[in-house]
There are 2 protein chains.
Amino acid sequence: MDNMAAVIADKCRNCALRTDEKLICAQMSAGELINLSAHSNPASVERKQPVNARLLDRNPIIAIVDGVIGLQHVLKDGRRSIAALYWRGDIIDLRHGDGQAPGSLIALTPARICSLSVDNYDELMRTNPDVQTVAVSNMREQIHAAAGHVVDLGKKSAPERLAAYIFECRKRQLGGKDSLNVDLALRRSDIADYMGLQPETVSRGLKELERRGLIQLKGRSRAIITDKAGLRQLANGAPEPKPAQ
Amino acid sequence: MDNMAAVIADKCRNCALRTDEKLICAQMSAGELINLSAHSNPASVERKQPVNARLLDRNPIIAIVDGVIGLQHVLKDGRRSIAALYWRGDIIDLRHGDGQAPGSLIALTPARICSLSVDNYDELMRTNPDVQTVAVSNMREQIHAAAGHVVDLGKKSAPERLAAYIFECRKRQLGGKDSLNVDLALRRSDIADYMGLQPETVSRGLKELERRGLIQLKGRSRAIITDKAGLRQLANGAPEPKPAQ
DNA sequence: CGACTGGTTGAGTATGGTCAACTTCGGTGG
DNA sequence: CCACCGAAGTTGACCATACTCAACCAGTCG
């Protein structure tokens, strides 16, 4: 056992993908992990840097260890859109059957990722049911999250979208579930491109949430939720309760 | 062989999920199919009808045989949004880990579906690599499609969204790839809720595409693409070529 | 034929986009 | 430690797109 463990590559030993039991590498036997690690590439990415295209070409499976990666589309005339956010534990499979490229990956915070070999990944999916379960349920989560995001963009006002964004950050941050102290994670212009707004509108919208007493802004990247129920209502698109005045 | 085939349930024999070799049931052996069919429920759904909730509760895996199913979210104040469209061959896995319900399914055209038993489905995913490949790549497609849709909703104008919608219909309809004759599939108000617009805007937008000579409307649900390149440009968000006048 | 659903048209309006100026922040170097 | 610089964020004035609301039209079904 110790002997086996001894040959697990250093790069994997303390990686969150391995140590967090809900994540993908934690599902593998020592042998499987050693095998996988031979073809995997951990990498750090600076904020605003794209994920190396050469890397993606050879190993189009990316697992997020830390930080936030965005799936970015740039329209012909320069409009930028961030279609999805990937956080710790998410697995991005960039293989695309036929159509156009699925966009490019870009780090929205300093991030650590690990690119996996397609062959190893597919093999594990076939042979290790635990890996399969983790990977497939991550995909389900992504589909679910995307549906929620579509609803945000399709029918919600700017303040509603920002309320929803705050809950998304809260859900995905480490201590997440029980904290009222939320790290907004992205820069204003990235939030804007993700939520289908302009940076100015994000700024005004957050101010508006503060004015309504739902949150309190602390510096540029921190929000304290001061009325969780109210913020949730707003995020869910409930009609604004008439202020009795 | 013929003996085996003889016991495949009638409901499966001529089902597109079985006869179209790219779809899920075509990946199964006769024995697997017989086994699965014992717990599967084919159903027809009228337009505007929800997919039976009782059915979903017991068998939350739905495969689309024909027609279009929408994933519908209704906000607290009544705004309706269609987060995703499912077409023939798509597989909907409605299991949701923790959070809120992923919305409800509703038929947007007359549709035929088949609900599968979770146990059978999971078993097949584990034991039959071909089934797994089909199911997983369908999930990938859904994620990819969702990302594209998010871009549409986040940054595109009404005419651009409608151009994109027309291509989506074209891609998914049977003769799809090589026809300029597109069935718009949904009613105006469903298109609106899917594309994040109002029915009036859809109407005006389609008129606008016609005015620009990109399409020609034939009746309420048919569009002939008259300038495919131009329509594609528009759908991709290219700046409008200055009309030299 | 009337009732109903779905769709279109028109006028007025509100929300968020645009553009430009200005402020704050964070880092760097004198 | 402070001065400076560039990037990020905020504010304000103006404007455009798409929403709202209402009326009207076109098919379809009983």
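Just so it is clear: chains get the letters A, B, ... in the order the sequence lines come, proteins before strands, and each one is counted from 1.
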Looking at every strand, decide which applies to Lys48(A) at a 4.0 Å heavy-atom threshold: base, sugar-phosphate, or nothing. sugar-phosphate

Side chains of Leu75(B) and Asn236(A): does their closest heavy-atom pair fall under 4.5 Å? no

Taking any heavy-atom pair under 4.0 Å as a contact, classify Arg79(B): base, sugar-phosphate, or nothing. nothing

Determine the contact category for Gly219(B): base if any of its heavy atoms lies under 4.0 Å from a base atom, sugar-phosphate if only primed atoms, P, OP1 or OP2 are that close, otherwise nothing. nothing

Under 3.5 Å, is there a donor-acceptor pair between the Tyr165(A) and Glu160(A) side chains? no

Answer yes when Glu210(B) and Lys207(B) have at least one side-chain N-carboxylate O distance shorter than 4.0 Å, and no when they do not. no

Can a side chain N or O of Lys207(A) be found less than 4.0 Å away from OP1 or OP2 on dT11(D)? yes

Lys171(B)/Glu168(B) salt bridge by N-O under 4.0 Å criterion: no

Is there a side-chain contact between Ile69(A) and Thr109(A) in this structure, where contact means two heavy atoms from C-beta onward sitting under 4.5 Å apart? no

Base, sugar-phosphate or nothing for Gly205(A)? Non-hydrogen atoms, less than 4.0 Å. nothing

If you measure from the Lys or Arg side-chain nitrogens to the Asp or Glu carboxylate oxygens, is any gap between Asp193(A) and Arg79(A) under 4.0 Å? no

Carboxylate-amine/guanidinium proximity below 4.0 Å for Asp190(A) and Arg80(A): yes

First-last contacting nucleotides on DNA chain C - partner chain A, under 4.0 angstrom, heavy atom: dG16(C) to dC25(C)

Between the side chains of Tyr194(B) and Gln72(B), is a donor N or O closer than 3.5 angstrom to an acceptor N or O? no

Looking at dA8(D), dT10(D), dA18(D), which one has an atom nearest to any side-chain atom of Pro159(B)? dA18(D)

So Arg47(A), base contact, sugar-phosphate only, or nothing? Heavy-atom distance under 4.0 Å. sugar-phosphate

With sugar-phosphate taken as primed atoms, P, OP1 and OP2 and all else as base, the protein-contact string of nucleotides 21-26 of chain D at under 4.0 Å (heavy atoms; B, S, -) is BB----

Where along residues 66-77 of chain A does a heavy atom come under 4.0 Å from DNA chain C, residue by residue in number order? none

Sole residue of Ile92(A), Asp90(A), Ile143(A) in side chain to side chain contact (heavy atoms under 4.5 Å, CB included) with Asn138(A): Asp90(A)

Considering heavy-atom distances to DNA chain D, does Gly154(A) or Leu217(A) have its closest nucleotide positioned more toward the 5' end? Leu217(A)

